[in-house]
Asker: 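Before we start, here is the structure in question, set down as structure tokens.
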Amino acid sequence: MDLDFTEAELHRYSRHILLEEVGAIGQAKLRAARVLVVGAGGLGSPLTLYLAAAGVGTLGLVDDDTLELSNLQRQVAHTTARIGRNKAESAAETLRALNPETRIDIHARRMDAEAARDLIPRYDIVCDGTDNFATRFLLGDACHLLGRPLVSAAVLRFEGQLSVFAGHDGAHPCHRCLHPEPPPPGLVPTCSEAGVLGAVTGVMGTLQATEVLKLILGIGDPLMGRLLLWDALDARFRTVRLKRDPGCALCGDHATIRDLAAHDGAAAPVCAA
């Protein structure tokens, strides 16, 4: 591991290096890490800002959407002047200004099965910042099959939830242990239909970033096998234990999902939130 830091790096990351749980070795781990973030919107904005600020070496941004005025109430990696631009490109501009030492890979494309097969193996950790079930289930299946941990957050109105799915290790539940199948279309509203308090996406995206940093550093107790729920109006957090389902179609003893064939030809917008 490369422990050769410049004076500027030592100064930039000094508050990390002071932490016994991080130190120079931990900062070197962050610099070597590669994280793929799907969705550069309400969750992806705070998530990528804190990962870049922390010194994560490479961030991949996946989003084919263009920035709209209604996004700016919560998507804080963007500016009014960039309305009409691709979100991944806009976020990359902000992140490079924040930390030029972090490499930003722009993937201005839809996250479909082909993109999942192409992109996910290039990264160590995948983050789900999307707001539609088609992409969420694709990422859950792909990360499991390709052996990558998935840090997944969701928000709606005044509530958020967060978990880390790593069922590929054989010990923890996968995302289908929690949600075996997507809900029927129209049953669960999206943020564009039901609304969301902007600051809620900030909290959940920051919690996502914290889980990613814990995974890279190998510290603490990541949210594998647990679902964190937050009700902003009541200012209340609670954690639900998740168990691996032996009958799960993805990670169970007689799994039937062995590839991404069911997702071929289906592509939803990455992040309309």
Asker: Indicate every side-chain donor-acceptor pair of residues 178-186 with a distance under 3.5 Å to a residue at least two apart or in another chain.
Answerer:
none

Asker: Find out whether Asp124 and Arg148 are in side-chain contact, i.e. whether some heavy atom of one side chain is under 4.5 Å from a heavy atom of the other.
Answerer: no

Asker: Will you find, in the side chains of Asp141 and His263, an N or O donor that is under 3.5 Å from an N or O acceptor?
Answerer: yes

Asker: What I'd like to find out is whether the side chain of Leu242 reaches to under 4.5 Å of the side chain of His172, using heavy atoms alone.
Answerer: no

Asker: Give a yes or no answer on whether the side chain of Arg96 reaches the backbone of Ile104 with a donor-acceptor pair at less than 3.5 Å.
Answerer: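 It does hold such a pair.
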
Asker: Would you mind reporting whether Arg31 and Val56 have side-chain heavy atoms less than 4.5 Å apart?
Answerer: no

Asker: For Pro46 versus Thr206, what's the shortest heavy-atom pair and its separation?
Answerer: CB-OG1, 4.0 Å

Asker: Might you confirm whether atom CD of Glu193 has over 12 heavy atoms from other residues, nucleotides or ligands at distances under 6.0 Å?
Answerer: yes

Asker: Using modelled atom types and a 3.5 Å cut-off, is there a donor and acceptor pairing between side-chain atoms of Arg244 and backbone atoms of Cys251?
Answerer: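 Confirmed, Arg244 side chain pairs with Cys251 backbone.
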
Asker: Under 3.5 Å, is there a donor-acceptor pair between the side chain of His175 and the main chain of Leu139?
Answerer: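 No.
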
Asker: Determine whether Val196 and Met204 fall in the same hydrophobic cluster, where Ile, Leu, Val, Met, Phe, Trp and Tyr are linked whenever their side-chain heavy atoms lie under 4.5 Å apart.
Answerer: yes

Asker: Which label fits Tyr13 and His16: parallel for a plane angle under 30°, tilted from 30 to 60°, or perpendicular past 60°?
Answerer: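 Correct class here is parallel.
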
Asker: Salt bridge check, Arg85 against Asp65: does any charged N sit closer than 4.0 Å to a carboxylate O?
Answerer: no

Asker: Can you check side-chain contact (heavy atoms from CB on, under 4.5 Å) on Glu93 and Arg82, steps first, answer last?
Answerer: CA-CA 10 Å; Glu93 186 173 324; Arg82 299 182 200 157; 3.6 Å; yes

Asker: Would one find more than 12 heavy atoms of other residues, nucleotides or ligands at under 6.0 Å from atom OH of Tyr50?
Answerer: no

Asker: Mark yes or no for whether Arg109, through its side chain, and Val62, through its backbone, hold a donor-acceptor pair below 3.5 Å.
Answerer: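 Flag not set: sc Arg109 to bb Val62 has no pair under 3.5 Å.
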
Asker: Can a donor-acceptor pair be found, under 3.5 Å and without considering hydrogens, that links the side chain of Thr102 to the backbone of Gly55?
Answerer: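 Not a single qualifying donor-acceptor pair exists.
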
Asker: Is it the case that atom CG in Leu229 sees more than 12 heavy atoms from other parts of the structure closer than 6.0 Å?
Answerer: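 Counting neighbours around CG of Leu229, more than 12 heavy atoms of other residues, nucleotides or ligands fall under 6.0 Å, so yes.
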
Asker: Can you list the steps and then say if Leu227 with Leu162 is a side-chain contact (heavy atoms from CB on, under 4.5 Å)?
Answerer: CA-CA 6 Å; Leu227 178 67; Leu162 173 66; over 6 Å; no

Asker: Membership question, hydrophobic clusters at under 4.5 Å side-chain separation (ILVMFWY): are Leu18 and Val22 in the same one?
Answerer: no

Asker: At what distance, to the nearest 0.5 angstrom, does CG of Asp234 lie from CD of Glu159?
Answerer: 9.0 Å

Asker: Is atom CZ of Arg157 surrounded by more than 12 heavy atoms (other residues, nucleotides or ligands) closer than 6.0 Å?
Answerer: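 Open.
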
Asker: Determine, for Lys214 against Glu211, whether the closest basic-nitrogen to carboxylate-oxygen distance falls under 4.0 angstrom.
Answerer: yes

Asker: Restricting to non-hydrogen atoms, name the atom on Gly220 and the atom on Pro222 that form the minimum distance, rounded to 0.1 Å.
Answerer: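 Smallest interatomic distance, heavy atoms only, reads O-CD, 3.5 Å.
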
Asker: What about the rings of Phe165 and His144, do their centers lie closer together than 6.0 Å?
Answerer: no

Asker: Measure the spacing between CG of Leu223 and CD of Gln161 and express it to the nearest 0.5 Å.
Answerer: 11.5 Å

Asker: Going by heavy atoms in the side chains, are Val164 and Leu215 under 4.5 Å from each other?
Answerer: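 In contact.
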
Asker: Return the minimal non-hydrogen interatomic distance between Ala77 and Thr94, and the atom names on each side.
Answerer: O-OG1, 2.6 Å

Asker: What distance do Ile106 atom CD1 and Leu59 atom CG have between them, rounded to the nearest 0.5 Å?
Answerer: 11.5 Å

Asker: Distance from Thr210 atom OG1 to Leu47 atom CG, nearest 0.5 Å?
Answerer: 9.5 Å

Asker: Could you give the distance from SG (Cys177) to CG (Asp245), rounded to the nearest 0.5 Å?
Answerer: 5.5 Å

Asker: Can any side-chain N or O of Glu9 pair as donor or acceptor with the backbone N or O of Gln27 at less than 3.5 Å?
Answerer: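 Looks like no, no N/O pair under 3.5 Å.
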
Asker: Strictly by modelled atom types, are Thr130 and Asp128 linked by a side-chain donor-acceptor pair under 3.5 Å?
Answerer: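 Their side chains do contain a donor-acceptor pair, which is all the 3.5 Å distance test asks for.
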
Asker: Is the shortest heavy-atom distance from the side chain of Thr58 to the side chain of Val35 under 4.5 Å?
Answerer: no

Asker: Would you call Asp221 and Arg226 a salt bridge, using N to O less than 4.0 angstrom?
Answerer: yes

Asker: My understanding is that a hydrophobic cluster links ILVMFWY residues whose side chain heavy atoms are under 4.5 Å apart, including indirect links. Using that, what else belongs to the cluster containing Leu72?
Answerer: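 Leu67, Leu69, Ile83, all in the cluster of Leu72.
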
Asker: Give a yes or no answer on whether the side chain of Arg34 reaches the backbone of Arg122 with a donor-acceptor pair at less than 3.5 Å.
Answerer: yes

Asker: Would a single hydrophobic cluster contain both Leu207 and Leu156, if residues Ile, Leu, Val, Met, Phe, Trp and Tyr are joined by side-chain heavy-atom contacts under 4.5 Å?
Answerer: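 In one cluster with Leu156: Leu207, no.
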
Asker: Verify whether one side chain among Arg110 and Thr135 offers a donor that lies under 3.5 Å from an acceptor in the other.
Answerer: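 Arg110 vs Thr135: no donor-acceptor pair found between side chains.
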
Asker: Are side-chain heavy atoms of Ile219 and Leu213 found at a separation under 4.5 Å?
Answerer: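 No; the side chains remain at least 4.5 Å from each other.
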
Asker: For Cys143 and Ile120, run side-chain contact (heavy atoms from CB on, under 4.5 Å): C-alpha distance rounded to whole Å, both residues' side-chain angles, the deciding distance at 0.1 Å, then the answer.
Answerer: CA-CA 7 Å; Cys143 287; Ile120 290 175; 4.2 Å; yes

Asker: For Leu217 versus Gly26, what's the shortest heavy-atom pair and its separation?
Answerer: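 Closest pair (atom of Leu217, atom of Gly26, distance): CD2-O, 3.3 Å.
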
Asker: Measure the spacing between CG of Leu233 and CG of Leu197 and express it to the nearest 0.5 Å.
Answerer: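 These two atoms lie 8.0 Å from each other.
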
Asker: Hydrophobic clusters here meaning ILVMFWY residues chained together by side-chain heavy-atom distances under 4.5 Å, can you tell me if Leu146 and Val126 are in one?
Answerer: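 Same cluster.
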
Asker: Can you check whether Cys248 reaches Cys174 side chain to side chain, under 4.5 Å on heavy atoms?
Answerer: yes

Asker: Do Ser90 side-chain atoms and Lys87 backbone N/O form a donor-acceptor pair below 3.5 Å?
Answerer: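 Answer holds: no.
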
Asker: Which residues satisfy the ring pair (Phe, Tyr, Trp, His ring centres under 6.0 Å) test with Tyr123, sequence neighbours excluded?
Answerer: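 Scan of Tyr123 (ring pair (Phe, Tyr, Trp, His ring centres under 6.0 Å), adjacent residues dropped) gives none.
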
Asker: Hey, does the side chain of Asp63 reach the backbone of Gly39 with a donor-acceptor pair shorter than 3.5 angstrom?
Answerer: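 No: the side chain of Asp63 does not pair with the backbone of Gly39.
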
Asker: For a 4.5 angstrom cut-off between non-hydrogen side-chain atoms, does Leu145 reach Leu250?
Answerer: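 In short, these two side chains touch, coming nearer than 4.5 Å.
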
Asker: I need the minimum non-hydrogen distance between Pro100 and Arg12, along with the two atoms involved.
Answerer: CD-NH2, 3.7 Å

Asker: If you measure from the Lys or Arg side-chain nitrogens to the Asp or Glu carboxylate oxygens, is any gap between Asp105 and Arg103 under 4.0 Å?
Answerer: yes

Asker: Grab the two heavy atoms, one from Leu260 and one from Ala116, that are nearest each other, plus how far apart they are.
Answerer: CD1-CB, 4.2 Å

Asker: For Gly41, is there any backbone N or O sitting under 3.5 Å from a side-chain donor or acceptor partner on Asn71?
Answerer: no

